[in-house]
Amino acid sequence: KPRSCSVKCHNILQTSTVPKTTKYTYCRLDELKPQAVVNVYGVVLFFKQPYKTLGSDYCTFLKITDQSNSTISCNIFLPKLEDHPKIFKAGDIIRMHRVKVTPFNDSFNLVKSHGFSAVTFDGTEGEPVEPRTSNQNYHFEADDQRVVEELRAWSAQRVQLPAPASMTLSTVQPRAYFDLTCQLLAKAPVDSTCTMLRVWDGTRCPHTLLKVLVEPEATVGPTSFSPERERIIANVLIYDNHVEAAGQLQPGDFLRIYNLRAIQGSSRVPGPTGSQPAELDHLAFHLHGGTAYGRGIRVLPENSADVQELKRAIAAFMQEEEDAAMLDVWGTPPESMGEPITERTCRHDTNPVTLSEVQGSDHGQIHHVRVRVKSYQPQRLHQSLKLFCDKCSTMQDVPDEDQVSAVFAEACQDSEPCPAPVWALYGAVPLPSESEFPFLTYSFTSVMMSFLGAGLEQVTKLSSSYLNIVPVRSSGGQLAPLDLSAPVLFRGRRRFYGCKKCSNPAVREPNVEGVEVVSEKLVAEALGVELLRYGLLLRLELQDSSGSLDVLLWRDSELFFNVCAADAATNQESQNHIHHTMESLCPPEGSTARRPWLDVCLVSYEWHGLYTSW
DNA sequence: TTAGGGTTCG
C-alpha cells in the first residue's frame, strides 16, 4: 500500500495565511513504474559517499530496500557536496522526493530528478527520529516519524545488514579493511596523488604506526605533537580521487573514513624525493583510489552519537595525558595545580579578521580574531555550570542544594521497608556520627551501595567512605531510584545526574561479568539512566575596532579556563580559578582600553536545544 | 550527461 504523510505547504503566491495541507504519497519499491517520478522511503543497504564523475556533478550511489523486500539502486547527481544525502552507515533510513524510475539491468534504477530532496535518519530502533538534511525547507511531520519507526522495526527484524566495519585504532588488525571514526589533527600533501591525514580516535594502537616525512611548510595544522601524542596519531595516506575530498577537510573536523586498509610490513611511502626510509613491520593506513566497497571520506556532524563517543575517548586520553604531565612537572596530582596557562593553540592556519568581517561571513567557518572582552554573562559565575545531555542535546542548570535536599526529604517520608531483590543484600553500616544505618548492597561486590531512606546529609557523609552510592527509595513495595532532580550516583565529592527525557530509571541488577572497576557508566546503564555531562557556558561580548559580537564559550570552555567542569561543581579552587580568569579579562572597574587583548579562534555552527536561565 | 557496488600502484 502506498504510504502517505500529511504536509503543510505555505503557498507564498496566495495572500491567505491559512496553511494548505498536501498529502505526499510514497511509492513501495515493488510498485515502481518506468519513467514515473516518485517519492520513496527505504533502508540503505549500501552506499558510496559523493564522488566526482566525469560530468560536472558529484554522484551518491546507494541501494535501498523496504517492506516489499525489493532492492533498488539510486544515482543522485548534484553539483554541490552539501546537498547530497547525509548517509553515515548502512541501515540508515532515507526519504527521497522526486526520483525518476529508469529501467536498468532487468530492474529499475532511481535517478534524482528536478526538485529532488533527500532526508536521512538513523536506522536504529529507539534512537530519536532526527532528520538530517542541508535543505532548510524540508517537511517533516508526525506521519514521517511513524514511517521511520515502522521501517526501523521492520529492518531490525528482516534486513540482513553487512557486519559493521567500524574499528578503532586499538582493535584494528593488519590486512583489515575497516571504517575509522576519528578527528583530523593535521594534513599535508605527500605528492600529487597522495595526501597524508594525521588523525586520532583516542585509542592506542598496539602496533607501531607508520611515520611519514612531509614538508613542514605544506602542513595544515601543527607540524609535530608531544611524543606521547605522536604515539596515538595515525598517518592515513589518501590516494587519487580522494585527494580532492581531503583538500576540503579542516583540522579539528570529525571524520569517518570508509574502507580504510591497514597494511603491516615494509611500507614505502611516496614522497618528495623518494627518500622515505622503508619501515619494517609498521602499520600503515591507505585509502586506495576508486570507490569500490564505499571507499570515501565523510565529515560527521558534531552532534552525532559516534562523534560524542569519539570525543569521550579523546577527552579520556587527554585527561590521562594531563594527569601524567602534572605529576611529571609538579610532582603533585592535578587537583593542586594552580599555575595559570595563558596560551592555548588551535590547529587552524587562518589569518586574523575583524568582528564585522565575521558577522558578514557564511556560517560554518573558522575565524581568528583579536579582541577584548567587553562584558560577560552570567555575572554570577556559578550559573555558568550546566548539565548537558549528549543524547537529546538539552541543557539544564545544576540543581541547588535545597532542591536536592527536598527530593531526599520527600523520599525519606514516602519510603517504607520493602523486600530486597534476590541479587541484593541487606545490612547495616556504622555512621560517623550516628549509630548505624540500614543499607542495601549489590551482592556481586561491596563497592556499590544503595541507602534506603537516607537524607542528603547522611549520604554526603557516607560518600567520603564508600566509592559508589546510589540513593534509592521504596515505591509500591519495590526499590526505585529517586526523582532525577537528585543525583543518581554519589562518587566521592562528585555527583552524577541523569537526563529526565532520555532515562527510564529502575533499580536493576547490573551486568558486571568481567568488570574490574564499577564505573559511573556501568551504574547508569544498570539504572537505565542517560548520564548528564557537566559543562561551562558563558556568553562573552567581544569587541574590536570594527564592532562587537556576542559569542558562546561552551565546547572548549574547560580548555579556556583550564579546569574540569565536573570539578568546578565541587571544588572551590576550580571555582576561584574561573573567577580570577574572568576578572583579569574583564575587570569590574576601569576602562575597556586597559583590558588585555585576546587572540581567539571562533567557529559558528548550528546548535539546537540551547537553554540558559541567565 | 555523469554512473550503474564487489578491494590495491602506493
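The sequence lines fix the lettering, A, B, ..., with proteins before strands; numbering per chain opens at 1.
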K.L.:
Is dG5(B) syn or is it anti, if syn means the base angle is within 90 degrees of 0?
P.N.:
anti

K.L.:
Atom NE2 of His84(A) to atom C1' of dT2(B): distance rounded to whole Å?
P.N.:
11 Å

K.L.:
With ring-ring contact (aromatic ring centres under 6.0 Å, His included) as the rule and sequence neighbours excluded, what pairs involving residues 99-134 of chain A come up?
P.N.:
Phe121(A)-Phe140(A)

K.L.:
Write down the distance separating the P atoms in dG4(B) and dT8(B), rounded off to the nearest Å.
P.N.:
14 Å

K.L.:
Name all residues meeting the salt bridge (charged side-chain N to carboxylate O under 4.0 Å, His left out) criterion together with Asp122(A); count only those two or more places apart in sequence or in a different chain, and write none if there are none.
P.N.:
none

K.L.:
My understanding is that only one of Lys48(A), Gln49(A), Arg295(A) makes a side-chain hydrogen bond (donor to acceptor under 3.5 Å, both in side chains) with Tyr258(A); could you say which?
P.N.:
Gln49(A)

K.L.:
Would you give a per-nucleotide map of nucleotides 3-9 of chain B, 5' to 3', where B means the base has a protein non-hydrogen atom under 4.0 Å away, S means only the sugar-phosphate does, and - means neither?
P.N.:
BBBSBB-

K.L.:
Does a side-chain heavy-atom distance below 4.5 Å link Asp306(A) with Phe88(A)?
P.N.:
no

K.L.:
Step by step, work out the side chain to side chain donor-acceptor pair (under 3.5 Å) result for Asn105(A) and Ser107(A).
P.N.:
CA-CA 5 Å; Asn105(A) 275 357; Ser107(A) 173; over 6 Å; no

